[in-house]
Participant: 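If you scroll down you'll find the structure; I have some questions about it.
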2 protein chains.
Amino acid sequence: MNYGEARKRFIDAWGTLGSSWGISRTEAQIHALLMVSPKALTTDDIMGQLGISRGNVSMGLKSLQDWGIVFKEFEPGERKKFYRTEKDVLKLATQVAKERRRREIEPIIDMLSEVGDVKDANVSKEQLEELNKMTAALSDFANQSDRVLSQFIKSEKGWFFKTMMKLFK
Amino acid sequence: MNYGEARKRFIDAWGTLGSSWGISRTEAQIHALLMVSPKALTTDDIMGQLGISRGNVSMGLKSLQDWGIVFKEFEPGERKKFYRTEKDVLKLATQVAKERRRREIEPIIDMLSEVGDVKDANVSKEQLEELNKMTAALSDFANQSDRVLSQFIKSEKGWFFKTMMKLFK
DNA sequence: TTTAAATTTCAATAATTATTGAAAATACAA
DNA sequence: TTGTATTTTCAATAATTATTGAAATTTAAA
């Protein structure tokens with residue numbers, strides 16, 4: 001397979017995958033492009049290479065910066081800004097996990113503690129018990145996941161997989 | 001908080017969360033409803049309680065069955081079918097992880113191995129190296145994630161968290 | 001400052017995805 | 001079987017989300 005084809009396949013696949021970790025197709029494509037680019041790119045580079053509008057690129061870069069995986073750079077003498085991405089795949093996964101935790105797990109933990117223990121005379125004991133049982137189980141699970149994820153985030157490069165590999169022989 | 005409010009909050013929050021693990025809002029709400037229902041429900045129960053159409057419920061139940069987290073049940077003497085969900089939260093997470101692996105990680109591994117090692121004379125050495133470096137890194141990462149996930153799936157209840165907790169002290 | 005390049009915003013529109021509801025298909029008691 | 005309850009499918013439509021492009025804003029060199 002030649003360079004052009006491979007590059008296209010890579011960007012497309014990354015774009016499709018994006019939706020499964022909560023990033024839009026275009027954002028994931030911008031990210032993929034930055035992943036395979038040896039040097040930082042400008043807005044115009046990205047517009048040209050992906051064939052999308054200036055506004056779209058601007059919004060995509062903003063979102064990727066909010067995720068903490070793309071960074072803006074100044075080049076002395078250049079008026080345009082340059083963008084690069086984190087290329088260490090483990091750091092990338094860690095950063096995404098950290099953000100997802102903040103965006104997804106935390107609100108669920110909040111909801112569950114708010115719902116708390118329900119008491120209500122106008123409802124069957126069975127229904128009450130079921131709701132309480134489910135909120136308690138989810139609360140436990142969310143807290144445990146949160147703790148595991150926190151540790152994963154704190155862990156330094158290599159540690160996680162080294163440990164895992166040892167565990168799984 | 002009374003039963004009705006708590007139940008509503010629970011279903012809404014679960015619905016919102018759904019999108020982050022690749023399930024539509026309605027599907028996640030059907031799932032939440034089954035989670036807090038002591039007994040299996042019929043299509044009409046679900047239509048009534050969520051206020052959505054018959055077709056929507058039918059499609060939602062189909063998708064949840066494809067995910068392997070909702071099951072159809074016969075009741076002797078009853079013409080209607082009843083639906084229940086897996087209520088063990090860890091089993092639920094395991095089943096979702098298994099499906100996601102199949103749907104997301106496997107295609108990426110396939111793509112990466114297809115792209116393979118690129119050789120191309122018409123492109124700078126730097127560009128070639130960058131693409132090869134990224135595909136190799138992602139390939140490693142995807143394979144490792146896949147292996148960890150496989151083991152997680154094979155593990156029985158309790159094992160994963162017990163080990164984790166020991167590890168993290 | 002002033003000027004022009006660069007970036008961001010956002011209303012309009014396009015594209016995609018979800019939902020309905022009724023017709024077709026299926027399941028099952030009699 | 002036949003008749004009817006139940007479920008599924010799917011074309012039409014609604015709702016949502018993504019994208020454009022040009023005006024407004026910001027940035028920095030002169």
Side-chain angles (χ1 to χ4, degrees), chain A residues 11-12 14-34 39-67 70-85 103-104, chain B residues 11-12 14-34 39-67 70-85 103-104:
Chain A
I11 291 172
D12 285 354
W14 207 241
T16 303
L17 190 71
S19 55
S20 55
W21 48 287
I23 252 170
S24 82
R25 204 180 55 94
T26 303
E27 284 161 20
Q29 287 184 340
I30 293 173
H31 181 249
L33 179 59
L34 293 173
K39 42 189 72 163
L41 302 180
T42 65
T43 300
D44 289 274
D45 292 335
I46 299 167
M47 286 170 66
Q49 299 204 38
L50 297 180
I52 58 180
S53 72
R54 185 174 302 283
N56 206 3
V57 171
S58 174
M59 285 170 138
L61 286 171
K62 184 167 189 303
S63 164
L64 290 166
Q65 285 170 283
D66 290 344
W67 273 94
V70 162
F71 310 97
K72 196 184 281 190
E73 278 177 352
F74 298 82
E75 301 251 308
E78 281 282 7
R79 194 125 168 199
K80 293 185 179 177
K81 260 97 189 170
F82 289 76
Y83 299 89
R84 66 177 177 80
T85 185
R103 298 181 191 193
E104 294 160 18
Chain B
I11 292 173
D12 285 355
W14 207 241
T16 304
L17 189 71
S19 56
S20 54
W21 48 287
I23 253 171
S24 82
R25 204 179 55 94
T26 303
E27 285 161 19
Q29 286 184 341
I30 294 174
H31 182 248
L33 180 59
L34 292 174
K39 40 189 75 165
L41 301 180
T42 65
T43 301
D44 289 273
D45 292 335
I46 298 167
M47 285 170 66
Q49 300 204 36
L50 297 182
I52 58 180
S53 72
R54 187 174 300 284
N56 205 2
V57 171
S58 175
M59 285 169 138
L61 285 171
K62 184 168 188 303
S63 163
L64 289 166
Q65 284 170 284
D66 291 345
W67 274 93
V70 162
F71 310 97
K72 195 186 284 191
E73 277 177 352
F74 298 84
E75 301 251 309
E78 282 280 9
R79 197 125 167 198
K80 292 184 178 175
K81 260 95 187 171
F82 289 76
Y83 299 90
R84 66 176 178 80
T85 186
R103 298 181 190 193
E104 294 159 18

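Each chain gets a letter, A, B and so on, in the order its sequence line appears, and its residues count up from 1. Note that the structure is a prediction, hence the values are computed from the model and not measured.
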Participant: Name all residues meeting the side chain to side chain contact (heavy atoms under 4.5 Å, CB included) criterion together with A:Arg79; count only those two or more places apart in sequence or in a different chain, and write none if there are none.
Facilitator: none
Participant: Working to the nearest 0.5 angstrom, can you tell me the gap between B:Ile52 CD1 and B:Met59 CE?
Facilitator: 12.0 Å
Participant: side-chain hydrogen bond (donor to acceptor under 3.5 Å, both in side chains) with B:Glu78: which residues, sequence neighbours excluded?
Facilitator: none
Participant: What is the distance from CZ of A:Phe74 to C1' of C:dT7, rounded to the nearest Å?
Facilitator: 12 Å
Participant: Measure the shortest side-chain to side-chain distance between B:Phe74 and B:Lys81 over non-hydrogen atoms and say whether it is less than 4.5 angstrom.
Facilitator: yes
Participant: Rounded to the nearest angstrom, tell me the gap between atom CG in A:Asp66 and atom P in C:dT8.
Facilitator: 11 Å
Participant: To the nearest 0.5 Å, tell me how far B:Leu64 CG sits from B:His31 NE2.
Facilitator: 6.5 Å
Participant: Not counting sequence neighbours, list each pair that qualifies as a salt bridge (Lys or Arg N to Asp or Glu O under 4.0 Å) and has a residue in residues 45-57 of chain A.
Facilitator: A:Asp44-A:Arg54
Participant: Considering every strand and a 4.0 Å limit on heavy-atom distances, what is the contact class for A:Thr42: base, sugar-phosphate, or nothing?
Facilitator: nothing
Participant: Kindly give the heavy-atom pair with the smallest separation between A:Ala28 and A:Gly15, and that separation in Å.
Facilitator: CB-CA, 3.7 Å
Participant: First and last nucleotide of DNA chain D touching chain B, 5' to 3', heavy-atom cut-off 4.0 Å?
Facilitator: D:dG3 to D:dC10
Participant: For DNA chain C, find the residues of residues 50-58 of chain B with a heavy-atom distance under 4.0 Å and give them by number; none if there aren't any.
Facilitator: B:Ile52, B:Ser53, B:Gly55, B:Asn56
Participant: At less than 4.0 Å, is any side-chain N or O atom of B:Lys81 found next to OP1 or OP2 of C:dC28? Yes or no.
Facilitator: yes
Participant: May I ask you to test the A:Trp14-A:Leu33 pair for a side-chain heavy-atom distance under 4.5 Å?
Facilitator: no
Participant: Which angle, rounded to 10°, do you find between the first-five-pair axis and the last-five-pair axis of the helix from C:dT1-D:dA30 to C:dA30-D:dT1?
Facilitator: 30°
Participant: More 5' along DNA chain D: B:Lys72 or A:Arg79, using each one's nearest nucleotide?
Facilitator: B:Lys72
Participant: Can you tell me which residue among A:Ile30, A:Thr26, A:Val57 is in a side chain to side chain contact (heavy atoms under 4.5 Å, CB included) with A:Leu50?
Facilitator: A:Ile30
Participant: Roughly how far, to the nearest 0.5 Å, is the CZ atom of B:Phe82 from the NZ atom of B:Lys72?
Facilitator: 13.5 Å
Participant: Using 0.5 Å steps for rounding, measure from the CD atom of A:Gln29 to the CG atom of A:Asp12.
Facilitator: 6.0 Å
